[in-house]
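All chains are named by letter (A, B, ...) in the order of the sequence lines, taking the proteins before the strands, and each is independently numbered beginning at 1.
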2 protein chains.
Amino acid sequence: MSRSRTTVVDIAHAAGVSKSTVSLVLQGSPLVNEKTREKVNSVIADLGYVYNRGAANLRQARSKIVGIVVNDLTNSFFAELAVGMDMVVQSAGYVQFLAHSGESVDRQREVIASMRENGIAGMILSPARGTEAADIKPLIDSGIPVVVVVRNLPGAKVSTLLSDNYTGAKAAVRHLVALGHTRIGFMGGFLDTAVFAERLRGYRDALQEAGIAVDEALIIHSAPSRAGGVAAVERMMLISDRATAALCLNDAVAFGVCDGLRSVGIEPGKGFGVIGFDDVIEAKTAVPALTTVSVDPQGMGQRAAQLLLKQINAGGNEQESLVTSVRLVVRQSCGAPVRNNHLEEMA
Amino acid sequence: MSRSRTTVVDIAHAAGVSKSTVSLVLQGSPLVNEKTREKVNSVIADLGYVYNRGAANLRQARSKIVGIVVNDLTNSFFAELAVGMDMVVQSAGYVQFLAHSGESVDRQREVIASMRENGIAGMILSPARGTEAADIKPLIDSGIPVVVVVRNLPGAKVSTLLSDNYTGAKAAVRHLVALGHTRIGFMGGFLDTAVFAERLRGYRDALQEAGIAVDEALIIHSAPSRAGGVAAVERMMLISDRATAALCLNDAVAFGVCDGLRSVGIEPGKGFGVIGFDDVIEAKTAVPALTTVSVDPQGMGQRAAQLLLKQINAGGNEQESLVTSVRLVVRQSCGAPVRNNHLEEMA
DNA sequence: GGATATAATTGGAACGTTCCAAATATGTCA
DNA sequence: TGACATATTTGGAACGTTCCAATTATATCC
């Protein structure tokens, strides 16, 4: 069907110049005469030439491709994170390989290897559960900048961008305490992620600070999903001295908790205070609107991408560790009277 | 930092063979002696060689990269669609550029161009609203296989994979009619997509078939999102002879409709029947569980990817148009007694 | 042992760019 | 006009692989 690709040489020939000149035009070099540039550009348009970035990469040994690996794209927090990255990556003239590891370290290893073979200039990784520093060591050793987001990867020599889970959880619990709650639960998640550990730590410390003893029975583990939230409520109903409010691992769990409450006849926000974490888009429009710790995933994705691009351009590989601030957005699900939209701000 | 990349020549040198032999080993050719193969492989492992697929692509003029462009990754239907594609693409040894067009045709054009420069072997496109056949013409003309999913692109010479929107909508409305409803609304969406048109057509035809006159006042346009669903209910409350049930453009709208109903004191599934479309994961765990037309986005993504890979391998570019079947999953939100999970099946 | 078949290996050109050093054109000055 | 500076253009090597045709090693047969 299509004859062999038109190349820079074809352009050169048709425009009556050398391929070097065409290359110069392609790169927008100021060295080339205005008339020549016009001529070349018009020929390019005529022949429907498409630049072969692969060939250029081969010669230059640096590509305009970044790799992004996300543990769970079906979770809207991560989907939005990815969209944030997409925005700045595209705008900078890069494209991204974007893959979903599905929390499988094996799959993650495979896609990282594959991306590496395909010549990425850098990578953003939101690690699958159970990822170890060793998993990305070869990547790093080869001098490719890596930014780790959302979940920490202790021991890895990389830049990281985490949200301030500890402070956020603390603020949420403080808010529940201020509303008069004393039986406050923590729902969703398992011990295996740093995110869980930090949020739980914030929860514990806030209770302690308020002089409320931590009741381990109120810490209910479950899958970090909507279904997990439903399950957590079911489990909670079995204990005698039940909670009257809960901080949830994330918004998905919080929505599940609302569902679960409703199915046992409790109205979230009235009979029971629910606070989520992440502030995904639906949090605002849900009924009741979800009180949650806002992480702005899209903004976080943007920052991560900016950080990566900076490192790519700098060439140097000094690591940088950023913590994005977080704020409690009070809506209806916690049962507090809504005074204004962003009641509490935290640095 | 890192010295220049180790190449196939370095391997050859260290293993005492020629680069051609190394290349043969890399490709798993049966031509090479078992002992030589072992030797070469061990050297490869020792030197930490990483294959440069870009160089190979340059020589072979066919890559192992596919492009995927999705109109809205933050919509979980599309996120799951993408995950389905990711699964089969990865397993086939390909990587994907995955980009989010955010319903912007400009952005979409840019990323398509960028992916093309980066040498994709094929592309799956879930077009942004307003995309025209002309937008992807150059891609197609260059002989790159394209599969269009979810939304139709009339006039484009491509393979398509659509869900059976018409039949699905019809089945949903029939079900509502069977439950005794006569005032049935259609909520969410605008006239500008084929998906909307088809589902609406199914709605109209089913009503007509049942001898119920279509009341244009019950067709309420709104954004195809959760917030849009809330808005649609608000609008619906203003009319005198209100609907008692509604088919929603998609699950997001349906959730919004449930939210909206609740905030005016109507319990979805009791006072009002709600049916969604798509069957996203949360549909099952929501309260009330959402009756919806199941599209299995992940499965659809897989099929799309399989179709694309088939076309890439075939080389031939005969188009194929598939319609994925769809089935009504009756849960609680429509108010029907749940007899078993998949009450109605449709081919 | 020589001829022939088969197995295994190999050098060099090619893919489409960029980059360098060198060449050529154009302008300026005395 | 010659000397010099500056603006513009250019050929060829290089990037890391694959592929072809050709070569060399090994086995098989009479």
Quiz item: Expressed in angstrom and rounded to an integer, what is the separation of A/Asn52 atom CG from C/dA14 atom P?
Solution: 18 Å
Practice problem: Could you please spell out the steps behind the side chain to side chain contact (heavy atoms under 4.5 Å, CB included) verdict for B/Val22 and B/Leu24? | Solution: CA-CA 5 Å; B/Val22 177; B/Leu24 256 12; over 6 Å; no
Exercise. Kindly point out which of D/dG12, C/dT9, D/dT18 is positioned nearest to the side chain of B/Thr21?
Key: C/dT9
Self-check item: Rounded distance in Å - CZ (A/Arg5) to C1' (C/dC15)
Solution: 10 Å
Quiz item: So, does B/Gln108 use its side chain to make a donor-acceptor pair with the main chain of B/Ala128 at under 3.5 Å?
Solution: yes
Practice problem: Using the closest heavy atom to pick a nucleotide of DNA chain C for each, name whichever of B/Leu58 or B/Lys19 lands nearer the 5' end. | Solution: B/Lys19
Quiz item: Judged by atom type as modelled, is there a donor-acceptor pair below 3.5 Å linking the side chain of A/Glu117 to the main-chain atoms of B/Tyr51?
Solution: no
Quiz prompt | Residues in contact with DNA chain D, drawn from residues 28-48 of chain B - heavy-atom cutoff 4.0 Å | solution = none
Exercise. Describe the nucleic acid contact of A/Ala56 in one word from base, sugar-phosphate, nothing, applying a heavy-atom distance below 4.0 Å.
Key: sugar-phosphate
Quiz item: Which whole-number value in Å describes the distance from A/Tyr51 OH to C/dT17 C1'?
Solution: 7 Å
Self-check item: Any B/Ser23 side-chain N or O less than 4.0 Å from OP1/OP2 of D/dT18
Solution: yes
Self-check item: Distance, rounded to the nearest Å, where B/Leu24 contributes CG and C/dA8 contributes C1'
Solution: 9 Å
Practice problem: Take the protein atom CZ of B/Arg59 and the nucleotide atom C1' of C/dG12, then report the distance between them rounded to whole Å. | Solution: 11 Å
Self-check item: B/Arg53 CZ - D/dT17 P separation (whole Å)
Solution: 11 Å
Quiz item: Is A/Glu320 salt-bridged to A/Lys310, cutoff N-O under 4.0 Å?
Solution: yes
Practice problem: Decide, yes or no, whether a salt bridge links A/Arg151 with A/Glu132 under the criterion of side-chain N to carboxylate O below 4.0 Å. | Solution: no
Quiz item: Quick one: is C/dT10 close enough that its OP1 or OP2 comes under 4.0 Å of any side-chain N or O from B/Ser18?
Solution: yes
Exercise. Please check if the side chain of A/Asn313 supplies one atom and the backbone of A/Leu309 the other of a donor-acceptor pair under 3.5 Å.
Key: yes
Quiz prompt | Donor-acceptor contact below 3.5 Å, side chain B/Ser63 vs main chain B/Gly119 | solution = yes
Quiz item: Is B/Gln60 near enough to D/dC19 that one of its side-chain N or O atoms lies under 4.0 angstrom from OP1 or OP2?
Solution: yes
Practice problem: Calculate the interatomic distance between A/Arg116 atom CZ and D/dG16 atom C1'; express it in whole Å. | Solution: 16 Å
Practice problem: Could you tell me whether A/Thr7 contacts a base, only the sugar-phosphate backbone, or nothing, with contacts defined as non-hydrogen atoms closer than 4.0 Å? | Solution: sugar-phosphate
Quiz item: Taking DNA chain D as the partner, which of residues 9-17 of chain A come within under 4.0 angstrom of it by heavy atom?
Solution: A/Val17
Quiz prompt | Spacing of B/Asn118 atom CG relative to C/dG16 atom C1', expressed in whole Å | solution = 14 Å
Quiz item: Thinking salt bridges, do A/Glu34 and A/Arg37 make one under a 4.0 Å N-O criterion?
Solution: yes
Quiz item: To the nearest 0.5 Å, what is the distance between CG (A/Asp135) and CD1 (A/Ile112)?
Solution: 7.0 Å
Quiz prompt | N-O pairing of A/Arg116 and A/Glu110 below 4.0 Å | solution = no
Quiz item: Looking only at side-chain N and O atoms, does A/Gln27 come under 4.0 Å of OP1 or OP2 in C/dT17?
Solution: no
